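Single-structure report; data block below.
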Number of protein chains: 2
Amino acid sequence: MMIDYASLLKKSDLKATFQRISILKDIDTKGHSSIDDIYDEVVKVYPSLSLATVYKNIILMVEKSVLVEVPIVGKKSKYELIKDDHIHLICTQCEEVEDRPYNRNTDTIFNTISQEQNFQLEKQQINLYGICSVCQV
Amino acid sequence: MMIDYASLLKKSDLKATFQRISILKDIDTKGHSSIDDIYDEVVKVYPSLSLATVYKNIILMVEKSVLVEVPIVGKKSKYELIKDDHIHLICTQCEEVEDRPYNRNTDTIFNTISQEQNFQLEKQQINLYGICSVCQV
DNA sequence: CTCTGTGCAAAGCGTTTGCAAACGA
DNA sequence: TCGTTTGCAAACGCTTTGCACAGAG
């Protein structure tokens, strides 16, 4: 958190507009945000924001590998900043997503499977769906 | 494969129509199909099929836990028959999805993480994205 | 100053809905 | 026969697009 979003954008040949920085800040602060989450949040501090601008920028930042799409069963995708591989705990009740680090074996397992299948691994997404501690009454 | 789809449907209080059986057969044969895959296939043997019927039935069969949605980064979801936990190898080139069984450690890892986080695990989806052996020139 | 990015409104599509007719049990 | 399911066409809502203006570098 508290990354220099402007540098992050420039590194990817994207101009550091207030809209883009606000989008990144929202995602970074929350961890995972949907398009609507982002729009609702950023429009508060920048009322003239257009939803189309959010769409355009998310698409662009995913292409540039600044963001990663996290598709979720039965809901709209969320987006997160690119980061080390990790596990998602996705609450089916409150829809929050929490990250947990891989343990030492996790990587090995997936690499082994990929090698056995002669599969050229590019990206991995481990999603555990369930009820988070907060929602368990 | 070659399951008794009619019984499967009746077990879930769904009438065994030709449309539903054909949808299940397509998914079971291919392993994983998108809505459009299914429509394109079934309409061949049942030309009066409506796309709306496919949508309605997929939604229904997911609710009844006959099918499971597999959301995929940057593409439309695919659907599979419900089955034991497994890993998806998703080819980013040809879009094929292949299943691989969990090895002995996989379950342990996810159960451990869930317990540590007091997370009530309901469902898990492990997706490995990359290039399948066929597409590696 | 130049080229990129934004906002707006319209267009485009995938998905859902309502209803009469057809069908399964 | 009765309740469910289907097909059609319309409605919906999310996403994308084109273009003139604004803004970053």
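Letters A, B, ... mirror the listed sequences (proteins, then strands); counts begin at 1. Treat the numbers as computed from the prediction; the structure is a model and nothing was measured.
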Rounding to an integer number of Å, can you tell me how far B:L60 CG sits from C:dT16 P? 13 Å
Classify the ring geometry between B:H86 and B:H32 as parallel (under 30°), tilted (30 to 60°) or perpendicular (over 60°). tilted
Find the distance B:Y39:OH to C:dC13:C1' and express it as a whole number of Å. 16 Å
Please tell me which of the listed nucleotides, D:dT16, D:dC19, C:dC19, lies nearest to the side chain of A:K56? D:dC19
Spacing of CE belonging to B:M61 relative to CG belonging to B:L67, to within rounding of 0.5 Å: 5.0 Å
Please walk me through it: do A:Q124 and A:Y102 pass side-chain hydrogen bond (donor to acceptor under 3.5 Å, both in side chains)? CA-CA 11 Å; A:Q124 31 198 301; A:Y102 272 22; 2.8 Å; yes
When the distance from CE of A:M61 to P of C:dG5 is rounded to whole Å, what number comes out? 11 Å
Distance check needed: C:dA9 P versus A:L49 CG, whole Å only. 15 Å
Rounded to the Å, how far apart are B:L51 CG and D:dT5 C1'? 16 Å
Strand-adjacent residues in residues 65-81 of chain B, judged by heavy atoms under 4.0 Å from DNA chain C: B:K76
Give one of base, sugar-phosphate or nothing for B:I35, where a contact means two heavy atoms less than 4.0 Å apart. nothing
Given atom CG of A:L9 and atom C1' of C:dT4, what is their separation to the nearest angstrom? 13 Å
Are any side-chain N or O atoms of A:N57 and backbone N or O atoms of A:T53, one a donor and one an acceptor, separated by less than 3.5 Å? yes
Is the backbone N or O of B:V73 less than 3.5 Å from a side-chain atom of B:Y129, with the two atoms forming a donor-acceptor pair by type? yes
Check the distance between D:dT6's C1' and B:I59's CD1 and give it to me in whole angstrom. 15 Å
Is B:D99 paired with B:K83 through a side-chain N to carboxylate O contact shorter than 4.0 Å? yes
What residues from residues 10-23 of chain B pass a heavy-atom cutoff of under 4.0 Å to DNA chain C? B:K10, B:K15, B:A16
Could you check how far CG of A:N57 sits from P of D:dG23, rounded to whole Å? 16 Å
With a 4.5 Å cut-off on side-chain heavy-atom distances among I, L, V, M, F, W and Y, is there a chain of contacts connecting A:I27 to A:L89? no
It should be established whether B:S50 places a side-chain nitrogen or oxygen under 4.0 Å from OP1 or OP2 of nucleotide D:dT6. no
With heavy atoms under 4.0 Å as the rule, sort B:Y46 into base, sugar-phosphate or nothing. sugar-phosphate
Does B:R100 pair with B:E98 as a salt bridge, N-O distance under 4.0 Å? yes
Do side-chain atoms of A:E69 reach the backbone of B:G74 as a donor and acceptor pair under 3.5 angstrom? yes
